[in-house]
Amino acid sequence: MSKQPMRPVPMRLGLFLQGAGHHVAGWRHPEAESGGENLPLLRRIAATAEAGKFDLLFLADGLTTGADAHPSTIARIEPLVLLSALAMVTRQIGLAATASTTYSEPFHVARVFASLDHVSGGRAAWNAVTTSYARSAANFSRGEHPAHDERYAIAEEFLQVVRGLWDSFDDGAIIQDKASGHFIRPGALRTLDHAGRYFSVKGPLNVSRPPQGHPVVIQAGSSAPGQRLAARTADMVFTAQQTLEEGRAFTQGLKQQARAFGRDPDHLLVLPGVCPVIGGTEAEARALYAELQGGIDPAAAIRLLSDRLGHDISGFDLDGPLPDLPESDQLQSRARLLTDLARTQNLTLRELYYLVAGARGHRIVWGRPEQIADALESWFRAGAADGFNIMPPFFPTQFERFVEDVLPILRRRGLARTDYDGPTLRENLGLPRPANAFSRQAAAE
Ligand SMILES: Cc1cc2nc3c(=O)[nH]c(=O)nc-3n(C[C@H](O)[C@H](O)[C@H](O)COP(=O)(O)O)c2cc1C
């Protein structure tokens with residue numbers, strides 16, 4: 001590989017844990033075992049990820065389903081419940097769950113993630129999403145899904161409230177001093193008294209300050225308002241990028257924005273998703289990829305692409321080019337990425353939907369273990385990523401191949417960690433523990 005100087009930190013690795021695999025037809029492979037509700041399997045995958053020293057297990061989440069949804073999203077255990085169970089059978093791996101800022105209350109979110117951080121000894125992360133699909137509104141007694149930019153305005157305030165609630169207690173506030181009769185140190189717990197445009201939250205939170213100060217905050221959403229939110233407040237960004245140039249522009253642009261907000265750009269980690277299809281030889285990997293693509297149901301693929309573009313494409317000529325569509329209110333960044341891909345590669349609608357159905361717009365790499373390692377290394381060294389969210393096409397064997405065959409190559413190249421740095425996710429990711437905003441304010445007064 002390249003002779004560029006090695007980056008001083010290891011590649012950060014998340015495992016995108018989708019019970020039926022990431023490829024829409026992955027579950028049909030003879031080796032695949034599936035199930036978003038198959039706890040023994042999920043436990044085995046978590047153990048493999050921890051043995052491979054992955055930084056975190058990452059659970060995406062949605063709030064609607066249907067028989068024609070992606071098989072990994074049809075039926076699955078609620079993420080916080082699943083991660084609480086997995087916290088009991090793992091010791092060091094980070095535990096990231098998705099929760100929506102559009103369809104939750106800040107008090108609930110602050111409470112459950114603070115609780116997961118306590119339960120896991122400082123390994124919790126919250127993937128804050130604004131929820132793309134308008135049909136989610138129908139499950140929450142809401143007439144309408146808020147518009148794209150308003151969802152981000154809500155998210156800004158939501159995050160501010162959650163962080164404020166996590167600071168309700170000073171660190172070490174619960175002293176249980178039997179002699180003085182003070183269960184909690186006097187003055188160490190206070191209300192938030194937030195009254196904003198969208199939320200009114202008195203506080204305090206009824207969970208003490210999380211071991212990490214604040215659980216790691218991940219942001220997924222790559223449009224301009226999504227990037228602004230991340231640059232200001234997130235510790236990590238999960239994104240979909242197709243080419244090294246786009247990945248580099250996105251990652252460096254985001255770090256530049258973080259710098260403009262007065263932040264250390266190394267404290268905003270960018271992890272694009274990658275779906276590695278691994279074979280013992282290049283020919284074997286190509287055959288496996290072809291087999292997976294051959295299993296795609298065209299109707300499901302059209303639905304997936306329609307979702308990603310934010311428009312129903314079923315009525316268009318599948319062997320013609322992608323039509324000009326108005327800007328989507330759902331997933332703006334993904335719709336733009338797919339439109340660019342179709343235009344630059346001259347893809348027909350059919351070719352585009354096969355590409356998207358494979359990995360839902362995330363980058364697919366197929367090859368021998370060395371080729372997979374090369375594909376990750378080139379992005380990492382070029383500053384196109386701080387690491388990757390690994391999205392195996394199916395479980396468990398494709399993921400086991402990654403851990404057994406690809407990771408040792410990355411380790412030999414000095415790119416992947418050989419052990420955890422500490423007990424908390426923040427320590428392993430090289431992220432600082434946030435100071436308590438209230439304590440800091442009180443000290444200054
Ligand atoms: C890589 C990525 C992952 C996402 N994961 C989720 C998810 O798990 N659940 C969800 O409801 N929305 C998810 N979203 C949707 C975003 O939260 C947001 O609602 C949507 O992308 C619109 O924002 P954007 O136009 O800024 O990308 C994801 C978006 C991206 C880009």
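Since this is a predicted model, take the numbers as computed values, not measurements. Positions are given from 1 along the sequence. Both ligands and their constituent atoms are indexed starting at 1 by order of listing.
Here the heavy atom of the protein found nearest to atom 23 (O) of ligand 1 is Y152 OH, 2.9 Å. Atom 22 (C) of ligand 1 has as its closest protein heavy atom Q330 O, 3.0 Å. Scanning all protein heavy atoms for the shortest distance to atom 18 (C) of ligand 1 gives T130 OG1, 3.2 Å. Nearest non-hydrogen protein atom to atom 15 (C) of ligand 1 is S132 OG, 3.7 Å. Nearest protein heavy-atom neighbour of atom 21 (O) of ligand 1: L331 CD2, 3.1 Å.
Near V129, the atoms of ligand 1 lying under 4.0 angstrom from a non-hydrogen atom of the residue are 6 (C), 7 (C), 9 (N), 10 (C), 11 (O), 12 (N), 13 (C), 17 (O). Near R334, meaning under 4.0 Å from one of its heavy atoms, ligand 1 places the atoms 1 (C), 2 (C), 30 (C), 31 (C). Of all atoms in ligand 1, numbered sequentially from 1 with element shown, those under 4.0 Å from a heavy atom of S223 are 24 (P), 25 (O), 26 (O), 27 (O). Distances below 4.0 Å separate heavy atoms of S333 from the following atoms of ligand 1: 24 (P), 25 (O), 27 (O). Near A60, the atoms of ligand 1 lying under 4.0 angstrom from a non-hydrogen atom of the residue are 8 (O).
For the residue pair E31 / T397, a side-chain donor-acceptor distance below 3.5 Å is found, with atom types taken as modelled. Side-chain contact, E150 with Y198: a donor N or O sits under 3.5 Å from an acceptor N or O. A donor and an acceptor atom, one from each side chain of R123 and T90, are located under 3.5 Å apart. Neither side chain, H214 nor D117, offers a donor N or O lying under 3.5 Å from an acceptor on the other. When only modelled atom types and interatomic distance are considered, R259 and Q256 share a side-chain donor-acceptor pair under 3.5 Å.
Ring geometry for F399 versus F395: interplanar angle over 60°, hence perpendicular rather than tilted (30 to 60°). Aromatic ring pairs are classed by plane angle as parallel below 30°, tilted from 30° to 60° and perpendicular above 60°; the pair W366 and Y289 is parallel.
In this structure, R135 is positioned above the aromatic face of Y133, its NZ or CZ under 6.0 Å from the six-membered ring centre and within 45° of the axis.
With a 4.0 Å cut-off on non-hydrogen atoms, T131 touches ligand 1 through its backbone as well as its side chain. Counting heavy atoms closer than 4.0 Å to ligand 1, residue Y133 contributes nothing at all.
Between T239 and ligand 1, not a single N/O pair is under 3.5 Å apart. An N or O contact shorter than 3.5 Å is missing between N127 and ligand 1 by distance. Residue D61 places at least one N or O, backbone or side chain, under 3.5 Å from an N or O of ligand 1.
Ring centroids of F238 and H362 are separated by less than 6.0 Å, placing the two rings close together.
Within the structure, the closest approach of H148 to ligand 1 falls below 4.0 Å when heavy atoms are considered.
Electrostatic pairing of R303 and D307 counts as a salt bridge here, judged by a charged N lying under 4.0 Å from a carboxylate O.
When each of R368, R413, R381 is checked for a salt bridge (Lys or Arg N to Asp or Glu O under 4.0 Å) with D374, only R413 meets the rule.
Evaluated by nearest non-hydrogen atom to atom 28 (C) of ligand 1, the leading choice among A220, S100, A128 is A220.
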